[in-house]
Amino acid sequence: MIQAIKKVNRVYGEIKLPGDKSISHRAVMLSSLAEGKSKVSNLLESADIKSTIECFQKLGGSIEKLGNEYLINGKGYFGLSKPKEKLYAGNSGTTARLISGILAMQKFSSVLTGDQSLSKRPMRRVAEPLRLMGAKINLNQKETLPVEFSYSDNLKAINYELPVASAQVKSAVLLAGIHLDDKSTVIEKIQTRDHTERMLNCEISFYKEQKIISVSQENYPIAKEYVVPSDISSASFFIVLTLLIPGSELMIKDVSLNPTRTGILKVLQNMGGIIEIENVKTIAGEELGDIVVRFSSLKNIEIEKEIIPNIIDEIPILSVAGLFADGEFKINNAEELRHKESDRIKSLCHNYRLLGLEVEEFEDGFSISGDIRNKNVLFESFHDHRIAMAFSILSSIIFDEFQIKDFECVSISNPQFLSQLKSITE
Ligand code: S3P
């Protein structure tokens, strides 16, 4: 579906966005593993979360919506049952990587598949540590999905230093580790999002620059009530829009302020963005608060290597802010962007070239400079939700003539994106 985007003259008012995608996945997974009834409120209702829910329903979990809450009745330690059919992770890398840690430890075999895009994304990164734990995992020749898990009677705890800064890989090991008596540790040199270790109450220690996360059966989840804070990655599209349109001011309520996710706020503030945080509170171990943002004049800055994992999902919309900021937008050390729902370096460069900009592509990033020279552009989404939303925001800043191809992919993380955009703009 091709979506035309209308030019916006002002952003104003207040908005509350749906639940954080990363926390929603984990709340469904941990509740399904725990014994008894858990309640999840403000769960994100999007295609990716539906993938996680359907996988756990196939594994015998009871997950239903009652009013505004999800009720999840888990079967407890080793209570999952062998699925009658293949498990399907859809477009969701988080579902595929995290559930791998769980499936690898079960006493039954299973097969995990995904859509075309997910079937191209690397799975060796999770298979490797899980095999070190004794799991039997069969990948196809390209080391992607479909993945086969079979029963292993030789499972053991490991100490694993993450070779790639990935919260998904870390989480796969931690979720496997909760099935073993002995303590496993994951060592992280560059901090990635920490929702899994928080939600599992893992023991954390630091040695020099390294974070050491320990996990064992003692961290196996128990049934509880989860309140999912709103998604900062979804909020960042509206934050950038507000910063870029003169006369705009917006409040985004109850947004997740987990310090491993707020890099986008720091970078935009350092670029000159007026972004304030109000009403900070902590609910269920996660910080949240209201973000107030105003139109600001931005300048491009150097983006440090260490902050990249913290802003990895926000780089598409950050580059839109960079395009309208003074100076050249340039990002490096972001090779991981090539392994997302699309090769995001390629996708972004392609669309910026359509505008007639000067674009340089590097293995680990890209730069954009020059002036927008073309109107009537049809942007490619590459079926990637964050690309579709980033170029929708860009379109709404300039002309009425821009369109986005295969726009329906926004339903992966935010099916209500367009109506939210309408509700805060004129
Ligand atoms: C996620 C981790 C990140 C992120 C993804 C969600 C998670 O991936 O890009 O959207 O929920 O753990 P990596 O950890 O592979 O970088």
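Below, all heavy atoms of this structure are taken into account, side chains as well, without hydrogens, waters or symmetry copies. Only a predicted model underlies this, so the values are computations on that prediction, with no experimental measurement involved. Read the numbers this way: they start at 1 and go in the same order the structure lists the ligands and their atoms.
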Side chain, backbone, both or neither: which part of [X] has a heavy atom under 4.0 Å from ligand 1?
{"X": "Arg193", "answer": "side chain"}
{"X": "Arg26", "answer": "side chain"}
{"X": "Lys340", "answer": "side chain"}

query: Does the ring of Tyr151 carry Lys136 above it, NZ/CZ under 6.0 angstrom from centre and within 45° of its axis?
result: no

So, is [X] polar-close to ligand 1, with some N/O to N/O distance under 3.5 Å?
{"X": "Lys21", "result": "no"}
{"X": "Arg97", "result": "no"}
{"X": "Ala167", "result": "yes"}

Give me the residue, atom name and distance of the protein heavy atom closest to [atom].
{"atom": "atom 15 (O) of ligand 1", "answer": "Ser166 OG, 3.0 Å"}
{"atom": "atom 10 (O) of ligand 1", "answer": "Asp313 OD2, 2.8 Å"}
{"atom": "atom 6 (C) of ligand 1", "answer": "Thr94 OG1, 3.4 Å"}
{"atom": "atom 1 (C) of ligand 1", "answer": "Gln168 NE2, 3.5 Å"}

- request: With heavy atoms of Ile312 as the reference, note each atom of ligand 1 found under 4.0 Å away.
  value: 9 (O)

task: To the nearest 0.5 angstrom, please state how far the OH atom of Tyr160 sits from the CG atom of Leu162.
output: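 Tyr160 OH to Leu162 CG: 6.5 Å, rounded to 0.5 Å.
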
query: Got a second to check how far Leu145's CG is from Thr113's OG1, nearest 0.5 Å?
result: 7.0 Å

- request: For Ile308 and Asn332, work out which heavy atoms get closest and say how close.
  value: CD1-O, 3.7 Å

Minimum-distance pair of heavy atoms, taken over all atoms of Leu288 and Leu257: C-CD1, 3.6 Å

query: Just checking, is any N or O donor in the side chain of Asn219 or Asn201 under 3.5 Å from an acceptor N or O on the other one?
result: no

message: Would Arg193 and Glu188 count as a salt bridge (Lys or Arg N to Asp or Glu O under 4.0 Å) here? Give the steps.
response: CA-CA 11 Å; Arg193 65 190 66 193; Glu188 201 175 52; over 6 Å; no

message: Assess whether a salt bridge exists between Asp384 and Lys340, defined as any Lys/Arg side-chain N lying under 4.0 Å from an Asp/Glu carboxylate O.
response: no

